Amino acid sequence: QVQLVESGGGLVQPGGSLRLSCVVSGFTSDIVAIGWFRQAPGKEREGVSCISMSDDSTYYADSVKGRFTISRDNTKNTVYLQMNDLKPEDTAVYYCATDELRICLLVVTTGGAGMDDWGKGTLVTVSS
């Protein structure tokens with residue numbers, strides 16, 4: 001089993017930046033992709049971004065493309081989500097999750113349905 005712990009959320013003004021971290025531990029050798037997802041109050045969960053473990057290829061939702069960057073540090077078993085030019089509509093609980101089968105395009109476009117393991121989330125609030 002895989003454990004994931006997110007951190008880095010907080011309150012930021014519009015136009016500001018945050019970097020989220022997702023520390024991954026446990027049996028990680030079968031992981032194919034790690035994704036970031038978010039869920040705002042009263043809304044469905046949506047896929048934000050994903051990184052492939054095989055070649056570090058990435059995928060982004062249109063809503064964050066050009067503003068968010070996903071990356072990973074294998075030495076720290078950590079996946080990051082750098083979020084720039086934040087907008088009030090980015091306010092949500094952000095989760096990371098692992099998938100042992102699918103490519104990043106499917107991970108993000110399905111909103112995380114069927115992901116194998118999830119973290120508990122970190123809250124991001126964008127407000128003036």
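Values in this document were obtained by computation on a predicted structure and should not be read as measured data. Hydrogens, waters and symmetry mates are skipped; everything else that's a heavy atom, side chains included, is used.
- Among pairs with a residue in residues 49-85, those fulfilling disulfide (SG to SG under 2.5 Å) read Cys50-Cys104, at least two apart in sequence or across chains.
- Hydrophobic side-chain contacts under 4.5 Å tie Leu11 to no other Ile, Leu, Val, Met, Phe, Trp or Tyr residue.
- Using a 4.5 Å cut-off between side-chain heavy atoms of Ile, Leu, Val, Met, Phe, Trp and Tyr, with links allowed through other members, Val107 and Ile103 fall into different hydrophobic clusters.
- Of the inter-residue distances, the one linking Thr109 atom OG1 with Tyr59 atom OH reads 6.0 Å to the nearest 0.5 angstrom.
- Atom CG of Asn84 sits about 6.5 Å away from atom OG1 of Thr69, to the nearest 0.5 Å.
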(request) Please assess Ser52 against Ser54 for the test side chain to side chain donor-acceptor pair (under 3.5 Å), listing each intermediate value before the final yes or no. (result) CA-CA 6 Å; Ser52 169; Ser54 64; 3.0 Å; yes
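- Within the structure, the salt bridge (charged side-chain N to carboxylate O under 4.0 Å, His left out) test picks out no pair touching residues 112-128 (sequence neighbours left out).
- A donor-acceptor pair is defined here as one N or O able to donate and one able to accept, closer than 3.5 Å; such a pair exists between the side chain of Arg45 and the backbone of Gly111.
- Across every non-hydrogen atom of Cys96 and Glu6, the tightest pair is N-OE2, 2.9 Å.
- One N or O on the side chain of Thr91 and one on the backbone of Pro88 form a donor-acceptor pair closer than 3.5 Å.
- For residues 74-95, the set of pairs meeting the salt bridge (charged side-chain N to carboxylate O under 4.0 Å, His left out) definition, not counting sequence neighbours, comprises Arg38-Asp90, Arg67-Asp90.
- With rounding to the nearest 0.5 angstrom, the CG atom of Asp73 is 3.5 Å from the OG1 atom of Thr75.
- Counting side-chain heavy-atom gaps under 4.5 Å among Ile, Leu, Val, Met, Phe, Trp and Tyr, Tyr80 is found in no cluster with other residues.
- In this structure, Trp118 and Phe37 have tilted ring planes: the angle between them lies in the 30° to 60° band.
- Residues Arg102 and Ala113 approach most closely at NH2-O, 2.7 Å, considering heavy atoms.
- Considering CZ of Arg72 and OG of Ser21, their distance stands at 15.0 Å, rounded to 0.5 Å.
- Its side chain within the 4.5 Å cluster rule, Val12 clusters with Val2, Leu4, Leu18, Leu20, Val24, Ile31, Ile34, Trp36, Val48, Ile51, Met53, Tyr60, Val64, Phe68, Ile70, Val79, Leu81, Met83, Leu86, Tyr94, Val124, Val126 among the Ile, Leu, Val, Met, Phe, Trp and Tyr residues.
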